[in-house]
Amino acid sequence: MDLIKKVKRRERLTQKEAEALYELDLFTLGELADEIRQERFGKKSYFNINRHINPTNICADVCKFCAYSASRKNPHQYTMSHEEILEIATTAYNNGAKEVHIVSAHNPNSGIEWYMGAFKKIKDKLPSIHIKAMTAAEVDFLSRQYGLSYDEVLDRMIESGVDSMPGGGAEIFDEKVREYLCKGKVGSTEWLEIHQKWHERGKESNATMLFGHIESRANRIDHILRLRELQDRTGGFNAFIPLVYQKDNNFLKVQQYLTGQEILKTYAISRILLDNISHIKAYWATASINLALIAQEFGADDLDGTIEKESIQSAAGAESRNGIDMNEFINLIKNSGFIPVERDSLYNEVRYWKM
Ligand code: V47
């Protein structure tokens with residue numbers, strides 16, 4: 001088949017050709033993706049030792065898929081003080097975490113200093129910890145709330161010690177679906193513009209895609225191809241992370257959930273299409289650890305990290321509330337036939353465990 005030949009010749013696929021990949025059977029697709037994965041990383045599977053911190057759930061936006069923000073589905077509002085955030089980061093650091101991944105809701109009452117001051121305090125006390133913080137949705141929110149340009153917010157982040165940006169807030173780029181899911185939040189063009197500006201500052205980031213709700217396969221392909229196009233220009237994305245939609249406690253009425261087969265096909269297709277983004281992350285918290293381990297044979301080379309605590313996706317049913325024990329994580333990767341490699345936040349290898 002021409003499509004398979006094109007993939008094997010490592011030629012780029014168009015939107016329509018990429019949509020047709022979904023029609024291939026799972027194992028053919030898996031083999032194609034695995035070949036590319038093995039070419040690049042052999043049997044290595046990356047993870048890091050990290051701590052998620054979600055400092056506030058008070059949000060000016062209402063995204064239908066969100067179970068985390070304080071609303072009538074979740075009446076428990078909270079905002080952490082800088083001291084609380086610093087204490088969490090310090091404890092995590094003392095327990096071996098090399099990265100804090102900080103994502104907040106869009107709190108209209110806290111002031112920009114509350115966001116930036118937290119990063120600064122962490123960096124001052126723990127200069128070697130990597131701060132991955134502020135989704136493009138938060139950057140857009142702060143820019144609108146405080147009348148600052150994106151450039152000004154991004155520069156403030158760098159001055160305050162943010163090292164890299166996480167991939168959140170991308171959801172699905174298709175404007176119609178996006179309007180239904182999260183009207184009022186950062187637009188697709190703006191999400192991409194913010195990452196472009198971040199990359200132009202010599203900084204790196206990730207990109208996510210929230211899938212398995214109301215989007216079509218064509219919407220997913222369009223999302224991935226828009227990322228491929230930006231990456232051609234900047235080269236600043238480290239990893240692409242397809243986030244499997246979690247259904248609990250939110251306002252989105254989804255009738256049909258994804259099958260494991262559809263999730264694995266999506267990882268494989270991401271690997272095939274994104275010839276310019278090195279890492280495909282099967283984020284175990286939303287894929288489930290079992291499926292994430294299988295995804296290693298369908299193009300994924302990264303399983304994210306130990307997480308320790310997480311509030312956004314676990315509020316919607318993900319398994320990440322209390323993270324995963326590092327030794328258990330390592331054994332699971334080993335027992336699934338892969339080589340666990342601890343990486344830092346920018347994918348430099350730290351250590352690995354023999355099979
Ligand atoms: O942007 C919200 C998602 C994201 C749900 O960059 C949901 O390394 C599933 O971006 N079901 C935040 N997902 C988390 C995120 C992330 C996670 C892990 C690694 C990285 C990285 C980034 O969580 C949001 C949104 O897309 N989310 N609600 C839900 N019901």
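For ligands, and for the atoms within them, numbers begin at 1 and follow the listed sequence.
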Identity and distance of the protein heavy atom lying nearest atom 28 (N) of ligand 1: F65 CD1, 3.4 Å

Identity and distance of the protein heavy atom lying nearest atom 10 (O) of ligand 1: G168 CA, 2.9 Å

The one among I172, L210, N50, V103 that brings a heavy atom closest to atom 13 (N) of ligand 1: L210

Y78 and Y68 aromatic ring geometry - parallel, tilted or perpendicular at 30°/60° bounds: perpendicular

Nearest protein heavy atom with distance in Å, relative to atom 21 (C) of ligand 1: I241 CD1, 3.2 Å

Sub-4.0 Å atoms of ligand 1 with respect to non-hydrogen atoms of N206: 6 (O), 8 (O), 21 (C)

F47/W353 aromatic ring centres below 6.0 Å: yes

Between CH2 on residue W198 and CE on residue M134, distance to nearest 0.5 Å: 9.0 Å

Heavy-atom nearest neighbour in the protein, as seen from atom 1 (O) of ligand 1, with distance rounded to 0.1 Å: G169 N, 2.7 Å

Option set F211, Y283, F237, criterion heavy-atom distance to atom 17 (C) of ligand 1, minimum: Y283

Aromatic ring pairing Y46/F41, orientation class (parallel under 30°, perpendicular over 60°, tilted between): perpendicular

Element-labelled atoms of ligand 1 that are located less than 4.0 Å from some non-hydrogen atom of P166: 6 (O)

Heavy atom of the protein closest to atom 11 (N) of ligand 1 (residue, atom name, distance): Q246 N, 2.8 Å

Nearest-contact summary for atom 16 (C) of ligand 1 - protein heavy atom, Å: H101 CE1, 3.9 Å

Note: D151-K197 ion pair, threshold 4.0 Å (strictly below): yes

Atom indices of ligand 1, in the order listed, that fall short of 4.0 Å to a heavy atom of D304: 19 (C)

Carboxylate-amine/guanidinium contact D301 R343, below 4.0 Å: no

Contact check, T135 vs ligand 1, heavy-atom distance below 4.0 Å: no

Whether N249 side chain and A315 backbone form a donor-acceptor pair below 3.5 Å: yes

ILVMFWY cluster, F27 and I280 together (side-chain gap under 4.5 Å): yes

Short N or O distance, K132 and ligand 1, threshold 3.5 Å exclusive: yes

Ring geometry between Y267 and F211 (parallel below 30°, tilted from 30 to 60°, perpendicular above 60°): perpendicular

Closest protein heavy atom to atom 3 (C) of ligand 1, given as residue, atom name and distance to 0.1 Å: Q313 NE2, 3.6 Å

Test item, L252 contacting ligand 1 (heavy atom, 4.0 angstrom): no

Mutual orientation of the aromatic rings belonging to H213 and Y245 [parallel < 30°, tilted 30-60°, perpendicular > 60°]: perpendicular

Whether W191 and F237 hold their rings parallel, tilted or perpendicular, with breakpoints at 30° and 60°: parallel

K247 to ligand 1, any heavy atom closer than 4.0 Å: no

Sub-3.5 Å N/O-N/O distance, T286 and ligand 1: no

Nearest-contact summary for atom 26 (O) of ligand 1 - protein heavy atom, Å: E171 OE1, 2.5 Å

